[in-house]
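Some notes on the structure that comes next.
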Amino acid sequence: MFLNQSIQLKPLEKGVFFIIVLVHFALAMSFHLSPDEAHYALYANHLDWSYYDHPPMVGWVQWLMSQVSETDLVMRLVPMFCWVLSAYMSMVLCQKFQVKYAVRNEVSAEKLPDQLPKIRSILILWITSPLLNLLSIALVPDCLLMALVAALMLLTWEMANSRNVPTIQQWVVLGILLGFCGLSKYTAIFFAMSAAFVLFKVHGFKLLIEKGFWLAIGIAFVMITPVLYWNFKHEWISFIYQFGHASGSQTWQLHKSIVYSLVLFFAFGPLLIVGLVSNKRVKNPNPVLKVFTKGSNRAEFSEKLDKASMTDSMFSWIFALPTFLILLILAGRGSALPHWIAPAWVALIPLAALGLDRWRPLKTKWWMGVLSFQVVSCMAMAGLLLSAGFGAEIDESAISLAGEKPVSAKPNPFADLIGWDQAAKKAVELAVLNHVDTLAVMNWTLASRIAWYARPMAVKVIKSHHDQFDLWFGPMHPDDDVIWVDWSLMTFDPPVEDQQFESCEQLEQMPIKRMGRQVAHFNFLLCRSWQGNHLSR
């Protein structure tokens with residue numbers, strides 16, 4: 001089984017891999033949870049069968065971690081493990097692809113070069129991708145799906161290259177993997193379709209009469225019943241939200257999809273694109289990775305390959321292309337984020353690594369240039385995360401009140417990762433002092449951090465669209481009083497108007513500093529007597 005597969009790393013590769021993991025640990029302890037991380041951490045504090053915007057797996061695994069500790073570091077152990085597991089399985093799959101190259105070019109294991117690259121391309125792709133490194137410390141559903149897709153591809157490759165139809169054991173594991181995928185994210189449906197396409201292409205429709213095929217479907221269906229049950233109890237709001245999100249709120253525009261593609265190019269790094277292009281253009285490949293072919297000779301394996309009629313390129317693109325196309329279309333409507341495509345990116349990494357292995361010796365200077373660009377990008381990202389970005393709030397921007405946007409104010413997305421624990425603690429203190437039992441913010445991106453660090457105090461969203469926070473803390477009610485928290489880098493006018501609060505009074509202002517610079521500040525207001533109906537507006 002694919003779970004027993006292994007890959008041998010050279011001492012230098014082990015050392016580099018270990019150092020990168022240590023860097024991930026250091027970064028995980030250096031700044032607070034991001035909006036998405038805090039949102040999914042709150043899933044663990046409100047354990048349920050499913051949630052408004054995602055299936056429940058991300059909350060379930062965080063609940064397990066919260067039984068150990070609720071510190072930021074512990075809540076980031078799962079994405080670290082997923083990153084390591086994804087990278088490992090990706091390297092194993094790349095090794096299997098290399099075996100196919102060796103067989104098709106009539107190179108036996110004994111005749112393969114003994115000298116491997118000091119650090120093979122598959123490992124370099126993992127450790128130099130800025131966004132993949134970021135996903136190693138920030139748990140989102142895509143982190144889980146990355147590891148699950150890597151495992152799904154390994155198992156499907158083995159099932160597609162077997163001499164006979166897959167075994168019952170393989171079908172059972174496939175059903176379990178598909179079930180976990182479905183519990184992780186709704187886009188998992190595309191990867192399930194990809195696995196089915198590969199198996200039907202290789203084995204034909206005779207799979208429909210195989211008991212194992214229906215057993216896998218049954219296992220996967222039973223595993224996702226919590227999602228179906230929760231949606232049934234909540235009038236299918238999660239599915240309605242996903243369909244609405246997919247349709248987007250804007251007219252489709254080509255330039256937005258192009259911009260999204262450029263963002264992906266730099267966020268994940270250009271090496272993968274270079275590897276994919278090289279994989280097509282370079283002929284007569286010279287395998288450079290050590291191949292392990294225990295238990296099978298070349299003739300037997302070649303026969304399996306001919307039977308399978310599935311190239312590694314076709315295999316990888318079958319898993320990656322559906323998600324790529326869907327997200328590129330969604331990006332045209334302004335409703336796609338870069339990390340959503342990470343599982344599809346992972347599907348292409350083994351294929352790109354083979355292209356890079358053949359391109360490196362031919363274009364040494366270009367290789368070093370592109371590699372240096374990615375390494376510098378990763379270092380720059382780490383530096384910005386640690387320093388909370390460049391610049392500082394000065395003059396009037398340093399003391400601005402809620403709703404004020406001074407000309408001197410500059411955007412600084414990296415300041416978003418510090419100060420939220422202090423702000424939440426201050427908000428709770430002010431709530432107790434003013435005999436208020438509820439905190440409030442203007443939208444959910446502010447609510448997730450305040451709610452996490454102020455737990456278990458209720459945090460309500462003024463501009464709500466009946467989302468997860470309404471399910472957790474309930475809507476605003478007439479005559480409610482709250483401590484309203486406003487953040488200077490996403491400031492809003494105090495909610496004093498018809499159908500909002502009767503009055504809001506400034507209580508305190510808290511500066512947030514990093515390395516001697518004020519990078520943001522919070523305003524705390526006591527807002528009295530909600531004038532709206534029983535729904536937040």
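None of these values were measured; they are calculated from a predicted model. Residues take their numbers from the sequence shown, with the count starting at 1.
- Between the side chains of Glu70 and Asn45, at least one donor N or O sits under 3.5 Å from an acceptor N or O.
- Taking each heavy atom of Ala342 and Met146 in turn, the nearest pair found is CB-SD, 3.8 Å.
- Side chains of Asn231 and Tyr52: no donor on one and acceptor on the other come within 3.5 Å.
- Taking CG of Leu262 as the reference point, atom OG of Ser257 lies at 11.0 Å (rounded to 0.5 Å).
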Audit row: Val58, Leu139, side-chain contact (heavy atoms from CB on, under 4.5 Å) steps and yes/no:
CA-CA 8 Å; Val58 67; Leu139 180 61; 3.8 Å; yes
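- Here Lys426 pairs with Glu429 in a salt bridge; the nearest charged N to carboxylate O distance falls below 4.0 Å.
- If you look at Trp452 and Trp420, their ring centroids are not closer than 6.0 Å.
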Could you walk me through whether His339 and Phe268 satisfy the ring-ring contact (aromatic ring centres under 6.0 Å, His included) test, starting with their C-alpha distance in whole Å, then the side-chain angles of each, then the deciding distance to 0.1 Å, before giving a yes or no?
CA-CA 9 Å; His339 66 270; Phe268 287 96; 9.6 Å; no
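- The structure places CG of Asp486 at 7.5 Å from CG of Leu446, a figure rounded to the nearest 0.5 Å.
- Counting heavy-atom neighbours within 6.0 Å of Trp49 CH2, excluding the residue itself, gives a total of 12 or less.
- A donor-acceptor contact shorter than 3.5 Å is absent between the side chain of Glu158 and the backbone of Leu155.
- Each of Tyr241, Tyr40, Tyr186 was evaluated against His54; a single residue qualifies, Tyr40, per the side-chain hydrogen bond (donor to acceptor under 3.5 Å, both in side chains) test.
- What you find for Leu489 and Lys410 is that their closest heavy atoms are CD2-O, 4.1 Å.
- Between the side chain of Arg514 and the backbone N or O of Ser387, no donor-acceptor pair lies under 3.5 Å.
- Enclosure of atom OH in Tyr260 by more than 12 non-hydrogen atoms of other residues, nucleotides or ligands within 6.0 angstrom is indicated.
- A 4.5 Å side-chain heavy-atom check between Leu271 and Trp367 finds at least one atom pair inside the cut-off.
- Within a 6.0 Å sphere centred on CZ of Phe239, heavy atoms belonging to other residues, nucleotides or ligands number more than 12.
- For the pair Glu393/Arg517, no side-chain contact is recorded, criterion being any heavy-atom separation below 4.5 Å from C-beta on.
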Which is it for Lys185 and Asp142 under the salt bridge (charged side-chain N to carboxylate O under 4.0 Å, His left out) test, yes or no, and what are the steps along the way?
CA-CA 7 Å; Lys185 195 169 183 181; Asp142 308 273; 2.5 Å; yes
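- The OG atom of Ser86 sits 9.5 Å away from atom CG of Leu135, with the distance rounded to the nearest 0.5 Å.
- For Tyr43 and Trp63, the ring centers sit 6.0 Å or farther from each other.
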Steps toward side-chain contact (heavy atoms from CB on, under 4.5 Å) verdict (Gln62, Leu42)
CA-CA 9 Å; Gln62 284 295 55; Leu42 286 168; over 6 Å; no
Contacts under 3.5 angstrom, residues 16-31 side chains, donor-acceptor by atom type, not counting sequence neighbours:
residue	atom	partner	partner atom	Å
His24	ND1	Ser136	OG	3.2
His24	NE2	Asn133	OD1	2.8
His24	NE2	Ser136	OG	3.2
Ser30	OG	Ala26	O	2.6

Candidate pair Glu37 and Arg449, rule salt bridge (charged side-chain N to carboxylate O under 4.0 Å, His left out), full reasoning:
CA-CA 9 Å; Glu37 287 181 276; Arg449 268 81 58 83; over 6 Å; no
Would you check, one step at a time, whether the test side-chain hydrogen bond (donor to acceptor under 3.5 Å, both in side chains) holds for Ser34 with Asp36?
CA-CA 6 Å; Ser34 64; Asp36 285 350; 5.9 Å; no
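- Residues Gln374 and Pro270 come closest through the heavy atom pair OE1-N, 3.0 Å.
- A heavy-atom distance below 4.5 Å is not found between the side chains of Met457 and Ile450.
- At least one donor-acceptor pair closer than 3.5 Å links the side chain of Glu13 to the backbone N or O of Arg120.
- Nearest heavy-atom pair, Ser90 versus Ile349, reported as atom, atom and distance to 0.1 Å: OG-CG2, 3.7 Å.
- Closest approach of Pro55 to Ser50, counting heavy atoms only: CA-OG, 3.6 Å.
- The distance from atom CZ of Phe266 to atom OG of Ser261, rounded to the nearest 0.5 Å, is 12.0 Å.
- Rounding to the nearest 0.5 Å gives a distance of 12.5 Å between OG of Ser121 and CE of Met91.
- The shortest distance between side-chain heavy atoms of Leu417 and His32 does not fall below 4.5 Å.
- Across all their heavy atoms, Ala138 and Cys143 have their closest contact at O-SG, 3.1 Å.
- Heavy-atom contacts from other residues, nucleotides or ligands closer than 6.0 Å to CZ of Phe492 number more than 12.
- Partner of Leu125 under the side chain to side chain contact (heavy atoms under 4.5 Å, CB included) criterion, out of Val346, Leu272, Leu348: Leu272 alone.
- Between His234 and Tyr51, the gap from one ring centroid to the other reaches at least 6.0 Å.
- Residues Phe180 and Leu144 are not in side-chain contact: their nearest non-hydrogen atoms beyond the backbone lie 4.5 Å or more apart.
- Side-chain contact between Pro343 and Phe191: present, with at least one pair of heavy atoms (C-beta onward) separated by less than 4.5 Å.
- Heavy atoms of other residues, nucleotides or ligands lying less than 6.0 angstrom from CZ of Phe265 number more than 12.
- The ring pair (Phe, Tyr, Trp, His ring centres under 6.0 Å) search around Phe315 returns Trp157, Phe319, not counting sequence neighbours.
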Apply side-chain contact (heavy atoms from CB on, under 4.5 Å) to residues Phe473 and Val461 and explain how you reach the verdict.
CA-CA 9 Å; Phe473 303 119; Val461 180; over 6 Å; no
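- To the nearest 0.5 Å, the span separating OG on Ser184 from CE on Met57 amounts to 5.0 Å.
- Side-chain contact, His521 with Ser397: no donor N or O sits under 3.5 Å from an acceptor N or O.
- Within the 4.5 Å cutoff, the side chain of Lys460 has no heavy atoms near those of the Val482 side chain.
- The shortest distance between side-chain heavy atoms of Trp340 and Thr187 does not fall below 4.5 Å.
- Remark: side-chain polar atoms of Thr128 are not paired, donor with acceptor, to backbone N or O of Val375 under 3.5 angstrom.
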